Amino acid sequence: MDPSFTRDAREADHDAIDRLLIASFGGAEEAQLVRDLRADGAIWQETVMPWGDEMAGYLAISRFVAPEGWLCLAPVAVHPDWQGAGRGQFMVEGAVEEFSKKLNRYMVVVGDGKFYRRCGFLATRAARLTSPFGTKNTLLVGPEMSVPAEMLVYPKPFLKLS
């Protein structure tokens with residue numbers, strides 16, 4: 001069965017999400033991050049791409065502590081069997097459209113600039129941000145083309161990664 005749609009994650013999906021994150025990242029760190037973000041109530045949205053009883057894709061959007069109203073896209077995962085087939089880009093572009101453009105929210109991601117630029121994120125727009133993770137791989141998309149100067153305060157579970 002070819003995964004071709006996304007939906008909101010459900011509690012019954014959590015084990016399959018854990019397995020996907022472990023397979024995609026080669027360890028349990030990202031799965032633990034998601035569990036901790038859920039426990040802290042920091043996740044605003046979880047989206048999955050079902051694949052039978054498993055998941056082909058997943059993304060989480062969390063609320064920053066500051067600036068108020070800003071969102072963090074992380075983690076984004078595509079099962080190794082489906083990587084390179086456009087599934088991740090499909091999911092991320094959907095999130096950008098729904099949460100950044102329609103809701104006028106800034107969204108930050110730390111990751112592969114080449115991939116995230118194709119989805120609308122720009123490193124140049126993140127140039128004046130301050131982050132505990134540095135800004136080398138930080139990209140921003142938002143409702144306008146400004147280059148805001150803000151200090152990013154991530155939810156506590158992210159700080160375990162630094």
Side-chain angles (χ1 to χ4, degrees), residues 6-9 13-14 17-18 20-22 24-49 55-79 83 86-162:
T6 62
R7 64 168 171 77
D8 292 348
D13 298 328
H14 290 183
I17 291 168
D18 282 355
L20 168 65
L21 292 169
I22 291 167
S24 296
F25 290 98
E29 186 176 55
E30 297 291 325
Q32 185 62 52
L33 169 66
V34 169
R35 286 191 297 274
D36 292 346
L37 287 167
R38 284 183 194 130
D40 281 6
I43 291 182
W44 191 34
Q45 175 72 34
E46 290 181 88
T47 301
V48 294
M49 181 176 281
M55 296 298 159
Y58 171 82
L59 65 78
I61 300 172
S62 299
R63 295 175 201 86
F64 275 100
V65 174
E68 186 175 338
W70 283 40
L71 303 173
C72 174
L73 176 63
V76 175
V78 175
H79 192 280
Q83 290 176 4
R87 301 303 190 293
Q89 186 171 345
F90 172 77
M91 293 182 69
V92 172
E93 287 175 346
V96 167
E97 178 66 28
E98 184 173 352
F99 298 107
S100 181
K101 292 181 180 176
K102 288 183 181 174
L103 297 180
N104 289 327
R105 301 282 183 130
Y106 284 99
M107 188 182 301
V108 174
V109 68
V110 176
D112 177 0
K114 183 178 177 183
F115 171 77
Y116 287 107
R117 277 192 304 274
R118 290 193 311 256
C119 301
F121 288 85
L122 294 172
T124 54
R125 294 201 52 212
R128 296 177 54 206
L129 299 177
T130 304
S131 170
F133 303 109
T135 56
K136 180 180 178 192
N137 295 312
T138 302
L139 296 94
L140 177 70
V141 68
E144 54 192 54
M145 289 304 292
S146 63
V147 181
E150 298 284 350
M151 178 173 287
L152 301 176
V153 180
Y154 284 81
K156 287 181 184 178
F158 279 107
L159 301 180
K160 294 177 186 176
L161 301 176
S162 60

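None of these values were measured; they are calculated from a predicted model.
- Between the CG atom in Leu71 and the CD1 atom in Ile43 there is a gap of 12.5 Å [rounded to 0.5 Å].
- In the displayed structure, Glu29 atom CD is contacted under 6.0 Å by at most 12 heavy atoms of other residues, nucleotides or ligands.
- For the atom pair CE (Met107) and SG (Cys72), the distance works out to 9.5 Å, reported to the nearest 0.5 Å.
- Taking CG of Leu33 as the reference point, atom NZ of Lys160 lies at 9.0 Å (rounded to 0.5 Å).
- In this structure, OH on Tyr106 lies 13.5 Å from CZ on Phe64, to the nearest 0.5 angstrom.
- Looking at heavy atoms from C-beta onward, Met49 lies out of side-chain contact with Val78 at the 4.5 angstrom threshold.
- In this structure, the side chains of Arg7 and Asp13 come closer than 4.5 Å at one or more pairs of heavy atoms.
- For the pair Arg105 (side chain) and Gly69 (backbone), a donor-acceptor distance under 3.5 Å is present.
- With hydrogens and angles disregarded, no donor-acceptor distance shorter than 3.5 Å links the side chain of Arg63 to the backbone of Pro155.
- The structure places CZ of Phe133 at 9.0 Å from OG1 of Thr138, a figure rounded to the nearest 0.5 Å.
- Phe121 contributes atom CZ, which lies 8.0 Å from atom CG of Leu140 (distance to the nearest 0.5 angstrom).
- Residues Ile61 and Glu98 have side chains not in contact (no heavy-atom distance under 4.5 Å, counting atoms from C-beta outward).
- The residues Lys156 and Asp40 are annotated as not salt-bridged, no charged nitrogen and carboxylate oxygen being separated by less than 4.0 angstrom.
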